[in-house]
Amino acid sequence: MTARRLRLQPCPVCRRVNPMKTKYCSRCYTVLYQRQIDSLSRSWAFLLAAAILYIPANVLPVIQTSTLLQTRDDTIFSGVAQLWNTGDWDLALVIFTASVVVPLVKIVSLAFLLLSVHLRWSRHAIARTRLYRLLNFVGHWSMLDVFVVGLLAGLVRFNPYAQALPRPGVVAFGAVVILTMLATMAFDPRLIWDALPENIDG
């Protein structure tokens, strides 16, 4: 039994449950709605923008290191490869997972959830809801690479013979992370349950 079948709806601010025909929350007077307004459209827009920026985020250099002998531009992949070759394989795996695998998996998984709602799939609703909660939980960990670049740039400044500067790839990568987080926040997971037979008449 769902709140929608009981003709109830929660307030998005204070979470008080109100009758479905009520326009304003009886506690905080917030405008009530059964589902987030334009949830699918906003989520698709954020997700497509993130998918487009994912390519330059991994192709463009994210950091430039300069010493007395050389100047080097590194992308995420070249930075991971350098860490691996110098023996820091554990840090290389962490950065590769957080900066490459997690954003890609999040984009694909969220696209799967959006398509499942568009196609009104009624199977595995619990599993899809758990997938959404997982995406919502791990999303902010993708910012690890941006934090590493910022930390490295700050540490190198203490060395008068070296310099580290962020490059355009960091901006693209940060935009990908923020856009995927916004796409996840815009998606209303209650839409997953609307296609179930017992909710169709609700």
Side-chain angles (χ1 to χ4, degrees), residues 43-116 124-187 189 192:
S43 187
W44 270 120
F46 289 132
L47 186 63
L48 290 176
I52 293 173
L53 288 175
Y54 182 79
I55 297 176
N58 288 277
V59 173
L60 296 177
V62 294
I63 190 171
Q64 182 186 76
T65 55
S66 301
T67 63
L68 294 177
L69 299 178
Q70 65 175 354
T71 299
R72 176 187 176 96
D73 286 338
D74 281 307
T75 63
I76 294 177
F77 287 102
S78 64
V80 170
Q82 185 178 9
L83 288 173
W84 186 277
N85 292 332
T86 56
D88 296 324
W89 57 269
D90 48 351
L91 183 58
L93 287 176
V94 170
I95 293 180
F96 179 78
T97 302
S99 303
V100 179
V101 177
V102 171
L104 180 60
V105 170
K106 190 171 184 180
I107 291 173
V108 174
S109 299
L110 192 54
F112 165 75
L113 292 179
L114 288 168
L115 286 174
S116 70
H124 310 297
I126 294 178
R128 285 183 283 146
T129 303
R130 290 175 178 171
L131 175 61
Y132 170 79
R133 292 175 179 173
L134 179 62
L135 293 176
N136 201 25
F137 173 75
V138 303
H140 58 279
W141 290 104
S142 301
M143 289 294 288
L144 177 63
D145 196 62
V146 178
F147 295 149
V148 170
V149 171
L151 179 61
L152 182 60
L155 290 176
V156 173
R157 288 179 184 270
F158 289 100
N159 189 342
Y161 304 106
Q163 186 179 26
L165 297 174
R167 302 297 290 162
V170 174
V171 178
F173 181 81
V176 170
V177 175
I178 294 174
L179 287 170
T180 53
M181 293 174 65
L182 291 175
T184 305
M185 294 169 59
F187 179 75
I192 296 174

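None of these values were measured; they are calculated from a predicted model.
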**Request:** Report the residues that fulfil ring pair (Phe, Tyr, Trp, His ring centres under 6.0 Å) with Phe112, sequence neighbours left out, ordered by chain and then residue number.
**Result:** Trp121
**Request:** To the nearest 0.5 angstrom, please state how far the CG atom of Leu131 sits from the OG atom of Ser109.
**Result:** 5.0 Å
**Asked** Side chain of Thr75, backbone of Val59: donor and acceptor closer than 3.5 Å?
**Response** no
**Prompt:** Quick one: CG on Leu135 to CG on Leu113, what's the gap to the nearest 0.5 Å?
**Reply:** 6.0 Å
Name every donor-acceptor pair, under 3.5 Å, that has one atom in a side chain of residues 49-58 and the other anywhere in the protein, sequence neighbours excluded.
{"from": "Tyr54", "atom 1": "OH", "to": "Val100", "atom 2": "O", "distance (Å)": "2.9"}
{"from": "Asn58", "atom 1": "ND2", "to": "Tyr54", "atom 2": "O", "distance (Å)": "2.8"}

**Request:** Identify the two heavy atoms, one from Pro168 and one from Leu60, that lie closest to each other, and give their separation to 0.1 Å.
**Result:** CB-CD1, 4.2 Å
**Item:** Spacing of CG belonging to Asn136 relative to CE belonging to Met181, to within rounding of 0.5 Å
**Value:** 8.0 Å
**Item:** Gap between atom CG of Leu47 and atom CG of Leu182 - 0.5 Å precision
**Value:** 11.5 Å
**Prompt:** With Phe46, which residues qualify under ring pair (Phe, Tyr, Trp, His ring centres under 6.0 Å), at least two apart?
**Reply:** none
**Prompt:** Hey, is the main chain of Val177 close enough, under 3.5 Å, to the side chain of Thr180 for a donor-acceptor pair?
**Reply:** yes
**Request:** Measure up the Trp89 and Trp84 rings against each other and bin them: parallel (under 30°), tilted (30 to 60°), perpendicular (over 60°).
**Result:** perpendicular
**Fill in**
OG1 (Thr184) and CZ (Phe137) are apart, to the nearest 0.5 Å, by 13.5 Å
**Interatomic distance, Leu179 atom CG to Ser43 atom OG [nearest 0.5 angstrom]** = 11.0 Å
**Message:** Ignoring hydrogens, what is the shortest heavy-atom contact between Val62 and Gly169? Give both atom names and the distance.
**Reply:** CG1-C, 3.8 Å
